[in-house]
There are 4 protein chains.
Amino acid sequence: MSKPREEKYQAILDAATEAFAEYGYFTCQVSKIAKLAGVADGTIYLYFKNKEDILVSLFSDRMGNFIQEIRQSIVKCQTTQERLFCIIRTHFKYMEENRSLAIVTQIELRQSDPKIREAISGPLREYFHLIEQVLTEGVEKQEIILADVKVGRQMFFGTLDAAISDWVSSKKPRPLEGIEELVFELMRGAFKIKQ
Amino acid sequence: MSKPREEKYQAILDAATEAFAEYGYFTCQVSKIAKLAGVADGTIYLYFKNKEDILVSLFSDRMGNFIQEIRQSIVKCQTTQERLFCIIRTHFKYMEENRSLAIVTQIELRQSDPKIREAISGPLREYFHLIEQVLTEGVEKQEIILADVKVGRQMFFGTLDAAISDWVSSKKPRPLEGIEELVFELMRGAFKIKQ
Amino acid sequence: MSKPREEKYQAILDAATEAFAEYGYFTCQVSKIAKLAGVADGTIYLYFKNKEDILVSLFSDRMGNFIQEIRQSIVKCQTTQERLFCIIRTHFKYMEENRSLAIVTQIELRQSDPKIREAISGPLREYFHLIEQVLTEGVEKQEIILADVKVGRQMFFGTLDAAISDWVSSKKPRPLEGIEELVFELMRGAFKIKQ
Amino acid sequence: MSKPREEKYQAILDAATEAFAEYGYFTCQVSKIAKLAGVADGTIYLYFKNKEDILVSLFSDRMGNFIQEIRQSIVKCQTTQERLFCIIRTHFKYMEENRSLAIVTQIELRQSDPKIREAISGPLREYFHLIEQVLTEGVEKQEIILADVKVGRQMFFGTLDAAISDWVSSKKPRPLEGIEELVFELMRGAFKIKQ
DNA sequence: GATGAATGAGCTTTCATTCAT
DNA sequence: TATGAATGAAAGCTCATTCAT
């Protein structure tokens with residue numbers, strides 16, 4: 001993609017993130033995104049097939065980015081304990097820096113429209129898979145104790161997700177940074193990680 | 001409310017639960033609910049102010065029910081450990097028996113439309129509060145160790161929520177009943193519950 | 001179909017005929033038809049699937065009617081000569097009484113949009129078939145001389161069609177009634193009909 | 001017009017003929033013509049005022065060509081009989097060699113959009129006039145018998161038009177060349193042309 | 001002259017809601 | 001109370017046309 005094209009593509013995606021976060025996917029008109037992006041309505045359709053494609057692209061682009069960042073962050077970690085803490089920290093940091101994305105994620109992650117769900121599920125599943133890999137490896141290396149990796153992932157992700165959800169819906173949220181340690185402490189107990 | 005009126009009210013709410021679960025709130029037309037409930041489109045508006053009111057009523061009615069059931073179930077429990085396990089079991093059992101409600105909960109819990117969110121948040125907050133009460137009491141009685149009750153609740157609820165989410169979106173889910181023990185085992189570790 | 005439903009259906013079809021005749025299918029907005037029919041835009045869609053369906057229904061309804069009238073008119077005829085004259089007369093009379101339909105026929109008969117063409121071609125082909133039957137019978141009974149029935153039909157129909165076309169596009173057309181004899185006289189020569 | 005300018009002008013007209021024939025005037029986007037002509041969308045507007053102007057130009061250019069060819073072909077004819085046969089042959093030959101133009105003619109000849117109709121009617125009327133001239137002269141020279149020249153022209157043109165229409169819409173048309181004689185034989189009878 | 005990205009007016013269609021019966 | 005035909009506002013999307021490069 002050429003430079004200015006890529007820039008406008010990202011500008012529309014940024015605008016969509018903001019707009020979806022504020023109004024929700026269905027309540028948000030395409031014209032609102034266009035206005036926010038500073039382009040004409042029709043321009044949107046030079047970059048995206050339709051409204052749904054904006055949402056889907058938003059996910060693969062932003063979530064892809066997010067997962068990549070997570071991946072990079074754990075690469076230098078030595079132990080499972082470090083890896084888990086690293087994911088918590090990066091997850092919180094990323095969402096804190098991308099509040100609108102966090103909201104959209106919270107909101108649209110569970111769209112029931114099957115078409116949308118399917119399209120969205122890819123990146124999310126990838127993240128789930130990554131977490132499960134870390135857990136599996138931890139079990140193998142006997143760094144953690146865990147009877148069921150899937151349930152472990154559900155707890156791990158569910159906790160982060162619920163924390164974000166609270167943070168997102170709170171008017172005056174305490175910084176997510178402040179609860180990293182608290183969350184990790186719980187995980188340590190759950191996974192029987194030695195001090 | 002008179003008997004037959006109450007019955008039709010519930011019939012519409014049942015229909016709405018099914019329909020919202022299948023199509024999602026926005027994608028589901030009021031006429032679909034009407035058809036499923038076996039009433040005319042116009043009749044809906046004799047019982048509900050508008051489409052949004054159906055969703056909101058659905059939540060306060062069904063979630064109210066749910067919370068009441070949870071409350072009843074923990075009333076006979078002696079220890080925090082029992083209470084937590086009881087919540088897990090009842091939560092899973094209720095959702096398993098009301099799959100459509102579970103789906104709607106998953107989907108619409110995070111509506112971004114501020115009006116809807118506000119209306120929905122009531123029952124959910126009540127549930128959060130209940131969990132936090134149990135945790136607080138557990139800390140006070142030194143039955144569990146927990147640095148931050150809110151984060152504890154996030155982990156507790158988030159885990160259940162993520163489990164339901166997986167269960168709901170899976171074509172062939174393993175019964176939730178089967179993971180109660182697994183989930184509880186994690187909680188025991190997290191909250192440092194003695195064996 | 002119930003009485004009032006049928007009436008409104010016909011009213012919309014009448015309005016569509018007028019509107020298509022005046023503006024052409026593509027240039028005519030659905031809202032114009034609705035206005036002319038005295039109904040709301042949305043009402044149109046209670047009776048027709050979409051804009052195209054209006055055109056298609058218009059054809060099968062009106063052309064069906066037309067062909068039926070032609071059929072009825074020739075039933076009492078004894079000779080091929082009478083039948084041909086009868087078709088000419090009825091064709092002209094019908095179109096003269098349904099000027100808008102005549103225009104729509106002229107205009108949309110040759111739509112290139114394949115979907116529309118296909119849908120429209122049915123009734124027209126039926127008419128062609130009817131003419132060819134009359135000609136074939138005439139040849140068999142030796143009431144006319146004709147080397148090729150299809151070409152004979154092309155001439156017969158083409159002539160009527162061109163006459164209507166002129167009449168339709170003329171501001172001050174001479175009545176079609178006035179040229180029945182002239183047209184028939186040409187046919188008599190072409191088909192070698194004995195005096 | 002300069003040489004390369006004229007070439008590009010014709011290239012666009014060629015492309016438009018193909019594209020209109022395939023999709024119809026309204027269904028065909030300007031961008032499709034541009035693509036087919038191998039030029040940018042904007043370039044079209046350096047040669048034509050707007051989409052409508054393409055259609056109109058197409059007609060005056062191509063139909064002008066057609067009529068000129070007809071004119072040239074009858075110039076060497078001695079009798080009305082020869083002239084009529086010559087028109088039939090040339091008409092068929094030209095359309096057979098320019099199938100797309102034939103389609104466009106069939107389709108758009110009867111546009112209801114008044115502006116387009118008016119613009120198109122010029123060349124067509126010229127052709128009508130030419131036919132009528134031949135017929136009038138034939139009557140005057142007593143080579144044909146015809147009560148009404150206009151009706152005569154309607155029959156003559158209508159027949160050719162209907163034949164083309166069939167040919168155009170048929171998947172496997174018999175060559176028009178094959179029906180020249182058949183058509184002429186009918187004309188001979190209609191116009192009482194002596195053998 | 002040539003380009004093609006950008007524009008935005010205008011279209012078809014949907015669907016929550018109303019109201020005469 | 002119940003109905004369901006009718007409403008009409010509103011939204012996604014297309015595409016002829018423009019204009020900066």
Side-chain angles (χ1 to χ4, degrees), chain A residues 2 4-5 7-9 12 25-35 37-54, chain B residues 2 4-5 8 12 25-35 37-54, chain C residues 2 4-5 7-9 12 26-35 37-54, chain D residues 2 4-5 8-9 12 25-35 37-54:
Chain A
S2 71
R5 182 171 171 82
E7 264 167 30
K8 199 161 279 188
Y9 178 86
I12 294 171
Y25 175 71
F26 286 102
T27 311
C28 169
Q29 301 94 313
V30 172
S31 62
K32 250 171 198 156
I33 300 173
K35 199 171 209 175
V39 299
D41 291 18
T43 305
I44 300 276
Y45 292 89
L46 297 175
Y47 293 83
F48 300 92
K49 217 168 71 241
N50 49 35
K51 190 184 178 187
E52 189 186 316
D53 187 35
I54 303 175
Chain B
S2 72
R5 181 169 174 83
K8 200 163 277 189
I12 294 171
Y25 175 71
F26 286 103
T27 311
C28 170
Q29 301 93 313
V30 172
S31 63
K32 248 171 200 156
I33 300 173
K35 198 172 202 178
V39 300
D41 291 18
T43 306
I44 300 271
Y45 291 86
L46 299 174
Y47 292 83
F48 300 93
K49 213 165 77 245
N50 50 34
K51 190 184 179 186
E52 191 186 313
D53 186 35
I54 303 176
Chain C
S2 71
R5 181 171 172 82
E7 266 167 30
K8 200 161 278 188
Y9 178 86
I12 294 171
F26 286 102
T27 312
C28 169
Q29 302 94 312
V30 172
S31 62
K32 253 174 197 153
I33 300 173
K35 198 172 207 175
V39 300
D41 291 18
T43 305
I44 301 275
Y45 291 87
L46 297 175
Y47 292 83
F48 300 93
K49 218 168 70 239
N50 50 33
K51 190 185 177 185
E52 191 186 315
D53 187 36
I54 304 176
Chain D
S2 72
R5 178 167 175 84
K8 201 163 277 190
Y9 177 88
I12 293 170
Y25 175 71
F26 286 103
T27 312
C28 170
Q29 300 93 311
V30 171
S31 63
K32 247 172 202 156
I33 300 173
K35 197 172 203 180
V39 300
D41 292 17
T43 305
I44 301 272
Y45 292 86
L46 298 175
Y47 292 83
F48 300 92
K49 213 164 77 242
N50 50 33
K51 190 184 179 186
E52 191 186 313
D53 186 36
I54 303 176

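Given the structure is predicted, the values throughout are model-derived calculations rather than measurements. Proteins get letters first, then strands, A, B, ... in listed order; numbering begins at 1 in each. Just so it is clear, the values below take in all heavy atoms, side chains as well, and ignore hydrogens, waters and symmetry mates.
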OP1 or OP2 of E/dA6 versus the side-chain N and O atoms of A/Y47: is any pair under 4.0 Å? yes
Quick one: is E/dA2 close enough that its OP1 or OP2 comes under 4.0 Å of any side-chain N or O from D/K8? yes
Given that both distances must come in under 3.5 Å, which nucleotide forms a Watson-Crick or G-U wobble pair with F/dA20? E/dT3
With a 3.5 angstrom cut-off on both distances, give the Watson-Crick or G-U wobble partner of E/dT12, or none if there isn't one. F/dA11
Roughly how many Å is it from [atom1] in [X] to [atom2] in [N], rounded to a whole number?
X: A/E52; N: F/dC13; atom1: CD; atom2: C1'; answer: 14 Å
X: C/K49; N: E/dT14; atom1: NZ; atom2: P; answer: 11 Å
X: D/R5; N: E/dA2; atom1: CZ; atom2: P; answer: 8 Å
X: A/I44; N: F/dA11; atom1: CD1; atom2: P; answer: 15 Å
X: B/I33; N: F/dG4; atom1: CD1; atom2: P; answer: 17 Å
X: C/I12; N: F/dT7; atom1: CD1; atom2: P; answer: 9 Å
X: B/K51; N: F/dA9; atom1: NZ; atom2: P; answer: 20 Å
X: D/Q29; N: E/dC11; atom1: CD; atom2: P; answer: 17 Å

Both B/T43 and A/D41 contact DNA chain E. Taking the nearest nucleotide for each, which residue is further toward the 5' end? A/D41
Mapping A/L46 and C/C28 to their closest nucleotides on DNA chain E, which lands nearer the 5' end? A/L46
Kindly indicate whether the side chain of [X], heavy atoms from C-beta on, has any atom under 4.5 Å from the side chain of [Y].
X: A/I33; Y: A/K51; value: no
X: B/Y47; Y: B/D53; value: no
X: A/Y25; Y: B/F26; value: no

Which nucleotide in [options] has an atom nearest any side-chain atom of [X]:
X: A/N50; options: E/dT17, F/dC13, F/dC15; answer: F/dC13
X: D/V30; options: F/dA16, E/dT13, F/dG12; answer: F/dA16
X: A/Y45; options: E/dT3, F/dG12, E/dT17; answer: F/dG12

Nearest heavy-atom approach of C/K8 to C/T43 is CD-CG2, 4.3 Å
Quick one: CD1 on B/I12 to CD1 on B/I44, what's the gap to the nearest 0.5 Å? 4.5 Å
Here's a test of your reading of the structure: between C/G38 and A/G42, which maps to the more 5' nucleotide of DNA chain F? C/G38
